[in-house]
K.L.:
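Right, I'll just put the structure down here and ask away after.
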There are 2 protein chains.
Amino acid sequence: MDMDRLMQSLRIGINEKIYVKDPESSDLGKRIVEQSILMINEMGFESFTFRKLGNRIGSNESSIYRYFENKHKLLLYLTSWYWGWLEYKMVFATNGIANKVEKLKKAVEILTQTVEKDNSFSHIDEIKLNEIVINEYSKSYLTKEVDQENKEGYFEIYKRLVQRLSEMIVDVDGEYPYPSSLASSILEGSLHQYFLKEHFPMLTNCDDKVTPTQYIADLVSRTLNTA
Amino acid sequence: MDMDRLMQSLRIGINEKIYVKDPESSDLGKRIVEQSILMINEMGFESFTFRKLGNRIGSNESSIYRYFENKHKLLLYLTSWYWGWLEYKMVFATNGIANKVEKLKKAVEILTQTVEKDNSFSHIDEIKLNEIVINEYSKSYLTKEVDQENKEGYFEIYKRLVQRLSEMIVDVDGEYPYPSSLASSILEGSLHQYFLKEHFPMLTNCDDKVTPTQYIADLVSRTLNTA
DNA sequence: TACTAATTGATAGTATTACTTTTATATTTG
DNA sequence: CAAATATAAAAGTAATACTATCAATTAGTA
């Protein structure tokens, strides 16, 4: 489709303080990003190390440190990229919709649905990156350094996304008193339901047939008065 | 009050596989639990080590290993204790309530409100433990070992709590299609709102005046049909 | 009280992690 | 072609997450 080509020329603007050297600026950088996604997905964030990544991409540990200070920053980079990518998808998908209710519905759908194959960014596997976000995103902000890192703007993209969603909620129901809380719950809650579906099926009603998207969409429609 | 004394004699039954030696069985064990709560709260889970804890309690690293295999297991112990404690509080508080809607309302209140001083268990600071749960609980299950550990029953208490809540939701609105998802969202969502309130105030409507409990209670009442 | 068992403490040791530093070798660019 | 820049290789450091050994206490019991 056409959006694919459009997105190929788009670059996701990530806070420059997150990396030492822009990984998009070289072949090695791209391999670091590409393979780190695969490795974190395979072995989990705690087992993943720059040494292992170096071995895998036939490069040296010290070379990777020239792109990212540490693996925490790399995780911030990957998740920022993911939220930026989702933001684009959401903005494009909802752009032409005049009806506020339909617009919000579409946004919720884009933000909570399973990620499908997307070849726009050749070296990034969005499906696996989505899995990383489900399993590891919380670890990027549940730290003692969160306030400092927030001040430095490391979570800008995510915050902007929540705010956009919050605005759409206000547009639908200006009387609803908790638009920001609902917006953050939609994103976080969706990730959580995907996790539960996989590991704690008894704690969710989502399964092969019922998606987290359906649960969240239903929750939103029950919660807001679409007068 | 009377519940305080009742709870003093109650022991929270934690899966024996979580510890090597029951920390409730000795003075050292209790100091490990007591001081680990304070330390994890102060420095965060990643910076916390058994060596540091040993120094603080004037004991040896190797002695701590006789109680817990590693700090991950200690976190599982602390969070299991917390959920077990909350479960008791919820069961007691809702026990006499005949009206299903009121009962659920009370349960949500207990499960999502800020923890207050509780002297029932002398060596455990429930307020700080609640803060640990807000900041670290996700890390206890967002691991590659989650399925194995779940099989071994390490998350039993939390699962039971979600199920109890889910049953109350069914009692209120038997037609609602996502009782388990809603129950898990109440617990997880509440923790998340507390976190946002502290670190990302723009992403929540909760603040000094509006509590996560109010947001969640409102969400539940809008979602369920209390016919 | 005296013996035994269990608990705790002290010390040291290992493998791994998370880096940093230095120096050499490619590769790119002006 | 020279100069700058990027990458690779190797080694080193401090901390972590344990494990093992053995000595010193303490507790339980005959």
Side-chain angles (χ1 to χ4, degrees), chain A residues 16-36 39-40 42-78 123 136 139-140 142-145 148-149, chain B residues 16-36 39-40 42-78 123 136 139-140 142-145 148-149:
Chain A
E16 294 186 5
K17 287 184 220 145
I18 289 183
Y19 47 77
V20 182
K21 177 180 168 158
D22 185 357
E24 289 294 318
S25 71
S26 76
D27 185 63
L28 177 60
K30 282 178 200 156
R31 261 157 56 228
I32 288 172
V33 168
E34 175 184 27
Q35 295 297 318
S36 68
M39 283 188 88
I40 292 172
E42 284 163 23
M43 60 178 63
F45 187 66
E46 357 297 316
S47 297
F48 167 81
T49 70
F50 280 1
R51 176 157 299 184
K52 290 173 186 168
L53 177 59
N55 286 337
R56 168 121 159 204
I57 65 180
S59 177
N60 197 275
E61 198 186 359
S62 60
S63 302
I64 299 168
Y65 278 103
R66 294 215 178 73
Y67 286 85
F68 295 101
E69 270 178 65
N70 50 50
K71 69 176 180 173
H72 170 68
K73 288 282 182 78
L74 171 58
L75 180 61
L76 286 174
Y77 179 88
L78 296 178
H123 65 292
E136 323 285 0
K139 298 171 193 168
S140 76
L142 293 177
T143 68
K144 277 286 164 186
E145 298 76 33
Q148 180 56 34
E149 296 189 343
Chain B
E16 294 186 6
K17 286 183 219 145
I18 288 182
Y19 47 77
V20 182
K21 176 178 169 157
D22 185 356
E24 288 294 317
S25 71
S26 75
D27 184 64
L28 177 60
K30 282 177 200 157
R31 260 159 55 229
I32 288 172
V33 168
E34 175 185 26
Q35 296 296 319
S36 68
M39 282 189 88
I40 292 172
E42 284 163 22
M43 60 178 61
F45 187 64
E46 356 297 317
S47 297
F48 168 81
T49 71
F50 279 1
R51 176 156 300 185
K52 290 173 187 168
L53 177 59
N55 286 337
R56 169 124 159 201
I57 65 180
S59 177
N60 198 273
E61 197 185 0
S62 59
S63 301
I64 299 168
Y65 277 103
R66 292 206 182 84
Y67 285 85
F68 295 101
E69 271 178 66
N70 50 50
K71 69 175 180 174
H72 170 68
K73 287 282 182 77
L74 171 58
L75 180 61
L76 287 173
Y77 179 89
L78 295 178
H123 64 295
E136 324 285 0
K139 298 172 192 168
S140 76
L142 293 178
T143 69
K144 278 286 166 188
E145 297 77 33
Q148 181 56 35
E149 296 190 343

K.L.:
Minimum heavy-atom separation for B:Arg51 to B:Glu61, with atom names?
P.N.:
NH2-OE1, 2.9 Å
K.L.:
For A:Phe45 and A:Phe48, take the angle between the two ring planes, folded into 0 to 90°, and tell me which bin it lands in: parallel under 30, tilted 30 to 60, perpendicular over 60.
P.N.:
parallel
K.L.:
Kindly say if A:Lys21 contacts the phosphate of D:dT7, meaning a side-chain N or O under 4.0 Å from OP1 or OP2.
P.N.:
yes
K.L.:
For A:Ile32 and A:Tyr67, which heavy atoms make the closest approach, and how far apart are they?
P.N.:
CD1-CD1, 3.6 Å
K.L.:
Let me know the distance between CZ of A:Arg56 and C1' of D:dA8, rounded to the nearest Å.
P.N.:
20 Å
K.L.:
Taking the side chain as C-beta and beyond, is there a heavy-atom pair between B:Lys71 and B:Ser36 under 4.5 Å?
P.N.:
no
K.L.:
How far apart are the closest heavy atoms of A:Arg31 and A:Ile57, and which atoms are they?
P.N.:
NH2-O, 2.9 Å
K.L.:
Scan B:Phe68 against the nucleic acid and name what it touches under 4.0 Å (heavy atoms): base, sugar-phosphate only, or nothing.
P.N.:
nothing
K.L.:
Tell me: CZ of B:Phe45 to P of D:dT16, nearest whole Å?
P.N.:
14 Å
K.L.:
Dot-bracket, DNA chain C: Watson-Crick or G-U, under 3.5 angstrom, [ ] crossing, | other strand?
P.N.:
||||||||||||||||||||||||||||||
K.L.:
Flag the pair A:Leu76 / A:Glu149 as yes when at least one side-chain heavy-atom distance between them is below 4.5 Å, and no otherwise.
P.N.:
yes
K.L.:
Would you say A:Tyr67 places a side-chain N or O within less than 4.0 Å of OP1 or OP2 belonging to D:dT7?
P.N.:
yes
K.L.:
With side chains defined as the heavy atoms from C-beta onward, is the minimum distance between B:Glu145 and B:His72 less than 4.5 Å?
P.N.:
no
K.L.:
What one-letter contact string describes nucleotides 9-25 of chain C from 5' to 3', where B marks a base within less than 4.0 Å of any protein heavy atom, S marks contact via sugar-phosphate atoms alone, and - marks no contact?
P.N.:
BBB-----SSBBB----
K.L.:
Which atom pair, heavy atoms only, marks the closest approach of A:Glu136 to A:Glu46?
P.N.:
OE1-OE2, 3.9 Å
